[in-house]
Amino acid sequence: MSDARASDGTGLEVIAPGGARHFVPITETPFYIGRGGETKRHLQIADPRISRQCAAIILEDGRYYLEDCGQRHGIFANGEKVTRRVLNDGDVITFGVSDFYELIFRSSFSRDTTLLPDLLSRMEHISSTEGSAGGLHKLNLLLEATTLLHSVLPLDAVLDAMLDHAIAITDADRGLLLATDSAGSLQVRRARSRGGKHLAPGEVAPSQTALRQALEQQSSVITEDLAQAGADLQAAESIMLQRLRAVVVIPLYTMSRGTSTESGTQGQRGDFLGLVYLDSRRPFAFSKLDRRILDALGLEAASILHNAHLAERERGRLLLEQEIGFARDIQQALLPRGFRDFPHLTVSGFNLPCHTVGGDYFDVFPLSEDRTAFLIADVSGKGLGAAFLTTMLQGALSGMTIGAEPVRVFNHINQFLCEHAEVGHYATMFFGVLDRAGHLEFINAGHPSPFLLRRGEVAEPFTEGSFPVGMVPGAEYAAARLKLEPGDTLILFSDGVSEAMDPDEQMFGLSRFREALAGQSEASLVDLQKTVLDSVEDFTRGASQADDITLLLVRYRSVGA
């Protein structure tokens with residue numbers, strides 16, 4: 001494989017099952033796709049239906065290739081199963097799984113070239129009516145503006161350069177870019193004057209009357225001499241105060257598929273992006289300005305502004321992904337790793353969030369030399385809110401290590417969450433304390449009953465329980481007791497295991513769970529855990545899961561065994 005840097009703006013348009021889209025640039029190759037940690041810097045899809053490293057995109061001899069790296073269901077390009085294939089712009093990459101992510105390969109080399117012939121045809125008209133020198137000069141300025149579409153300059157520098165070109169093309173005194181804010185109001189985003197000078201947005205006051213006319217007409221407004229304009233423009237306060245004599249306003253829209261630029265007219269418009277506003281104190285400053293130039297300039301400015309919106313959205317998405325990644329790293333770091341060897345028990349655990357961060361967690365910690373606590377919890381909901389609550393619960397329950405009684409801690413947590421109903425989450429939990437003699441004291445707060453594997457038989461002895469914490473104000477929690485025998489194994493699980501669904505939306509269920517456990521008393525905890533997970537994976541057959549999958553296995557052994 002070739003290890004190369006890719007810096008040409010090529011990337012993947014990622015389409016989620018729900019239709020949400022975002023763009024991921026290919027900044028280096030090999031560029032890996034999968035759910036494993038090694039894809040974290042590239043494209044990580046947290047879904048158990050794809051392999052940890054299922055595909056790669058490689059740059060060789062100036063061309064991009066798609067390679068299958070072991071995806072269990074195969075890698076497909078435009079519906080055709082492939083092992084290695086050249087990628088062309090617009091190729092659709094899928095993973096052999098229904099209702100799953102789609103990736104569209106986007107190559108910077110294949111940018112939309114429909115604008116250039118249109119510009120040339122417009123400029124042919126401009127050259128014949130204005131003189132070849134003036135036409136060629138404006139053509140050069142428009143082509144320079146086109147290069148901004150793929151500029152690597154900072155966003156504000158690109159927008160400033162776009163305004164400078166607009167001022168130069170129209171011979172205006174000032175230029176403004178107005179865009180809508182989160183509330184939908186038009187705000188001055190960038191402001192420039194002749195000669196490339198920056199103006200503070202608060203220093204300029206565009207004619208609101210001219211802006212309103214352009215918005216109502218959905219087309220460019222050219223007023224060559226405001227002294228001869230309509231009464232509404234002549235009376236506009238901002239025009240009189242600033243002694244303006246000529247104004248141009250160009251509304252900007254995204255290009256829709258039905259847009260036609262023939263003869264300088266547009267058909268169906270896309271979404272509204274903003275306005276380019278140009279003015280001058282010189283009468284007849286825009287008298288020689290051909291409307292075709294405005295159409296061409298509007299297309300270029302709209303494309304640049306649209307790219308700017310996409311770039312901002314992508315930066316926001318990357319920042320959010322980074323923050324979620326930090327939350328995931330913290331959450332994973334808080335899970336027990338490399339379980340210590342307790343004299344009277346052995347432990348194994350597994351957690352697979354259905355999203356980047358999850359609402360399940362487990363923990364194991366000593367209370368004294370002879371007593372060890374373990375627990376599994378499932379917070380309602382998914383995502384960051386659930387993840388924050390799991391972290392809070394983990395901190396609260398860790399207080400038991402300094403002598404707090406489990407029942408008092410559970411009552412306190414429940415009361416705290418119920419008094420802060422705006423949190424909007426509750427949690428089911430199973431908490432146990434096992435001593436060296438095999439005495440198990442447990443609290444079940446609305447959690448599925450763990451299985452007890454004893455001499456090859458599977459039982460569900462944990463029938464006592466109460467409400468989930470944070471659900472019922474004033475709920476009282478009590479501890480129950482059970483005596484374990486050496487070799488007994490407790491299988492604690494979240495409902496993401498028992499309720500895992502196959503493509504036909506049938507649940508894995510408790511009966512299949514018991515079958516997977518039966519006769520496994522002599523298996524190591526690692527092998528027993530693998531048996532359960534393999535059974536779930538075989539049953540679901542790659543179907544997307546809506547809940548986290550968490551297991552905690554605890555085996556009691558007599559001291560000295």
Side-chain angles (χ1 to χ4, degrees), residues 327 330-331 334-335 349 351-355 357-365 373-401 404-433 440-451 460-482 490-501 507-510 513 545-552 554:
I330 292 172
Q331 189 177 42
L334 290 174
L335 291 175
N351 170 254
L352 177 64
C354 66
H355 299 302
V357 291
D360 288 1
Y361 87 97
F362 59 86
D363 205 354
V364 181
F365 50 90
F374 57 88
L375 68 103
I376 188 170
D378 183 357
V379 175
S380 64
K382 297 293 171 286
L384 284 175
F388 291 151
L389 186 53
T390 63
T391 304
M392 188 212 79
L393 290 174
Q394 193 169 16
L397 293 171
S398 69
M400 297 182 193
T401 61
E405 286 297 321
V407 170
R408 291 185 61 190
V409 172
F410 269 71
N411 286 332
H412 176 72
I413 292 173
N414 180 70
Q415 190 63 28
F416 176 84
L417 291 178
C418 289
E419 289 175 355
H420 297 79
E422 64 274 11
V423 171
H425 294 277
Y426 60 87
T428 67
M429 283 191 283
F430 185 93
F431 175 85
V433 178
L440 174 65
E441 182 179 349
F442 66 91
I443 300 172
N444 189 351
H447 200 79
S449 171
F451 287 117
E460 298 176 57
F462 305 98
T463 54
E464 296 89 348
S466 185
F467 298 103
V469 292
M471 177 179 281
V472 179
E476 293 291 332
Y477 295 87
R481 291 165 180 79
L482 186 73
L490 300 177
I491 298 93
L492 289 73
F493 59 94
S494 66
D495 54 15
V497 179
S498 57
E499 296 179 5
M501 304 187 77
M507 289 196 302
F508 182 64
L510 296 178
F513 203 160
Q545 300 304 311
D547 208 347
D548 306 336
I549 293 177
T550 305
L551 285 172
L552 178 63
V554 179

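- The two residues Gln415 and Gly474 have their closest heavy-atom pair at OE1-N, 3.8 Å.
- Listed for the Asn411 side chain is a donor-acceptor partner under 3.5 Å among the backbone atoms of Tyr477.
- The line from CD1 of Ile376 to OH of Tyr361 is 10.5 Å long, rounded to the nearest 0.5 Å.
- Evaluation of the side-chain contact (heavy atoms from CB on, under 4.5 Å) rule for Ala480 yields Phe442, Glu464 as partners, not counting sequence neighbours.
- Here the side chains of Leu492 and Phe374 are in contact, with some heavy-atom distance below 4.5 Å.
- Side-chain contact between Leu375 and Phe365 is present, with heavy atoms from C-beta onward closer than 4.5 Å.
- In terms of heavy-atom proximity, Gly446 sits nearest to Thr428 at O-CG2, 3.3 Å.
- The side-chain heavy atoms of Leu490 and Leu440, taken from C-beta on, include a pair separated by under 4.5 Å.
- Residue Tyr426 qualifies as open at atom OH: its count of foreign heavy atoms under 6.0 Å is 12 or below.
- Between Phe430 and Phe462, the angle of the ring planes goes over 60°, which puts this pair in the perpendicular group of the 30/60° scheme.
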- [ ] Take Phe362 and Asn351 through the side-chain contact (heavy atoms from CB on, under 4.5 Å) test and state the conclusion after the steps.
- [x] CA-CA 8 Å; Phe362 59 86; Asn351 170 254; 4.0 Å; yes

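- Rounded to the nearest 0.5 angstrom, Glu460 CD and Phe513 CZ are separated by 10.0 Å.
- For Ser494, the side-chain hydrogen bond (donor to acceptor under 3.5 Å, both in side chains) test picks out Asp360, with sequence neighbours left out.
- Looking at heavy atoms from C-beta onward, Asn444 lies in side-chain contact with His447 at the 4.5 angstrom threshold.
- Proximity of Leu551 to Val497: side-chain heavy atoms (C-beta onward) are separated by under 4.5 Å at one or more points.
- Rounding to the nearest 0.5 Å places CE of Met507 at 9.5 Å from CG of Asp495.
- Here the closest heavy-atom approach between residue Ser449 and residue Pro461 is recorded as OG-N, 4.5 Å.
- For Glu476, the side-chain hydrogen bond (donor to acceptor under 3.5 Å, both in side chains) criterion is met by no residue, not counting sequence neighbours.
- For the atom pair CD1 (Ile491) and CG (Leu552), the distance works out to 10.0 Å, reported to the nearest 0.5 Å.
- Rounded to the nearest 0.5 angstrom, Asn414 CG and Met471 CE are separated by 10.0 Å.
- A pairwise comparison of heavy atoms in Val407 and Ala479 identifies CG2-N, 3.9 Å as the closest pair.
- Atoms CD1 and CZ, from Ile413 and Arg408 in turn, are 12.5 Å apart once rounded to the nearest 0.5 Å.
- Across Pro448 and Phe493, no two heavy atoms sit closer than the pair CB-CE1, 3.9 Å.
- Between Gly470 and Cys418 the shortest heavy-atom distance is C-SG, 3.7 Å.
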